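These numbers come from a predicted model, not from an experiment.
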Amino acid sequence: MVKTLASYVKEFKKVSFLTPICMVGEVIMEMVIPMLMASIIDEGVGKGDMGHIYRVGMLMIAAAALGLIFGVLGGVFGARASTGFARNLRKGMFDNIQTFSFANIDKYSVAGLVTRLTTDVTNLQNAYQMLLRMTFRAPASLIIAMIMAFLINARLASIYLVAVVVLGLILSFMIRKAMRYFREVFRKYDDLNASVQENVTGIRVVKAYVREDYENKKFSKAAENLYWMFVRAERVVVSSSPLMQFTVYSCILLISWLGAKMIVADGLTTGQLMSLLTYCMNILMSLMMLSMIFVMITMSTASGERVAEVLNEKSSLQNPEHPDYEITDGSIQFEHVDFSYSTTAERPVLEDINLSIKSGETIGIIGGTGSSKSSLVNLISRLYDVTKGRVLVGGKDVRSYDMETLRNQVAVVLQKNVLFSGTILENLRWGDENATEEECIRACRLACADEFIQQFPDKYETYIEQGGSNVSGGQKQRLCIARALLKKPKILILDDSTSAVDTATDARIRKAFAEEIPDTTKLIIAQRISSVQNADRIIVMDDGKINGFGTHEELLANNEIYRDVYESQMSGSGDFDENGGAA
């Protein structure tokens, strides 16, 4: 973990190195001042030497000024180093998340990734700044003050040594106990963020079903769990404060009592006693700083483990050593394909799939919920890798292609359509960043989107809110189809992506595809048989297997599931999931 995180300091190594140097310089100046003060009292005030007072006083002012400069520089350098470190961590995590396969994404919750990118990185930023400043300052202050105290009077300084050892043992016990709670705290943060994200994303549904009270209770429960976990952790941590105060006052009393007796016996001067009391405060304040450092490190260790986990996560999909960069055509073959989302699954999601699809064909895919239609098409663009067998595109195994090349030639309009904040043109150019406005308009006409875009006041410059919340479901689907068409793919996959449009618009989209992109292989997943009955061939999926594959007429004659669904839909009594074939 430490090695992983340290590699993200990068260009901030210099300021990271200068910060502790400045902090040690500040400590040295602070430690010199009590010695100078003792000299003023004993040699200047005690002997009435005003010249000595002026000379040493000027040295004290110079030491204080240098200490101030060192302190300011340490703060500036520490801030630059910690904020730069946090920036690099966030960028590194975000960049690595972009490389994740669907299998990697499935491993983490969205709320968990958000917490790691925000709360966990902020904890590491604070800890790094404290590490550079206080972790060097506190031990340096403690060690130098201890040395100076022993130089003045070893007998009295031994009191500090005993206090340091006892407090160190007690603090180490407290830190270990608090660590357990802080690890649990960040898992509770994930639950809290998940509750917020789910509520905000589905706020319209919440209001439509008048479930505000239920959501409030759910959030309150997550917040309450987090509260109590923090209370337990902080209860352990704050117990160190009265212990520290007791030790500080005990040391002051002992040193004052023993020091006064030694002054009477001429074994100690007044100035030396004052210096010892100052060093006493320095030593014990350093201990309190160290306790705060240990608490912060305890919290940040839990955060660091979570951040390092994402940084070290490797995509389950990798490019081959010598990838192919050219896909000759849109033909597709499945050869004895099995697929499972988990290696520990009792049975595969897809089992012994064998298919041969010619380039340019239009293939319909129907099946009940859970019949693995989406899983089937996800293997074509290599969003997942097969568990067994091979998937071929253009006559070559998809694992032999450069992944970017493959996904540019296999355009997928997923079940959950996503638009991003920005104009319509900016969203469309996700398909081709160099597309002209004319090319975008043509793609929208093919997807039957141009007609509603022209009705907006700003037309193609209309701003789309985050998630496409200011357009309807059908409009969102058509924009996503147009975006995919701009890639000019050899294979186009529509994963139930016309479910929110009316049947007339659905028919117009299919007709446009047939006329305008005849050489593109089209795979259309649908629940309505009317959406696929004019396809060249239709796949009937059932429980992860191919139950039938043929034309509309062949399936009506030979496939019981297809026939039952067709008859139920034609009579208006239901869709695929209501009659047969549901898994």
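- Counting heavy atoms of neighbouring residues, nucleotides and ligands inside a 6.0 Å radius, atom CZ of R80 does not exceed 12 of them.
- Scanning both residues, T115 and R306, for their nearest heavy atoms gives CG2-NH2, 3.5 Å.
- At least one donor-acceptor pair under 3.5 Å links the side chain of S315 to the backbone N or O of T99.
- Residues V9 and N88 form no side-chain contact, since every pair of their non-hydrogen atoms from C-beta on lies 4.5 Å or further apart.
- For F420, the CZ atom sits in a packed shell: over 12 heavy atoms of surrounding residues, nucleotides or ligands are nearer than 6.0 Å.
- Side chains of T423 and R429: a donor-acceptor N/O pair is absent below 3.5 angstrom, by distance only.
- Of the residues D120, L89, I97, the one that meets the side chain to side chain contact (heavy atoms under 4.5 Å, CB included) test with V310 is I97.
- In the model, Y128 has a side-chain atom that pairs as donor or acceptor with a side-chain atom of S16 under 3.5 Å.
- Salt-bridge check for E11 with R87: passed, with a basic side-chain N closer than 4.0 Å to an acidic carboxylate O.
- Looking at every heavy atom in both residues, F12 comes nearest to A81 through CB-CA, 4.2 Å.
- The neighbour count for K10 NZ, taken as heavy atoms of other residues, nucleotides or ligands under 6.0 Å away, is above 12.
- No more than 12 heavy atoms of other residues, nucleotides or ligands shown are found within 6.0 angstrom of CZ on F17.
- Atom CD of Q98 has more than 12 heavy atoms from other residues, nucleotides or ligands within 6.0 Å.
- Counting heavy atoms of neighbouring residues, nucleotides and ligands inside a 6.0 Å radius, atom CD of E465 exceeds 12 of them.
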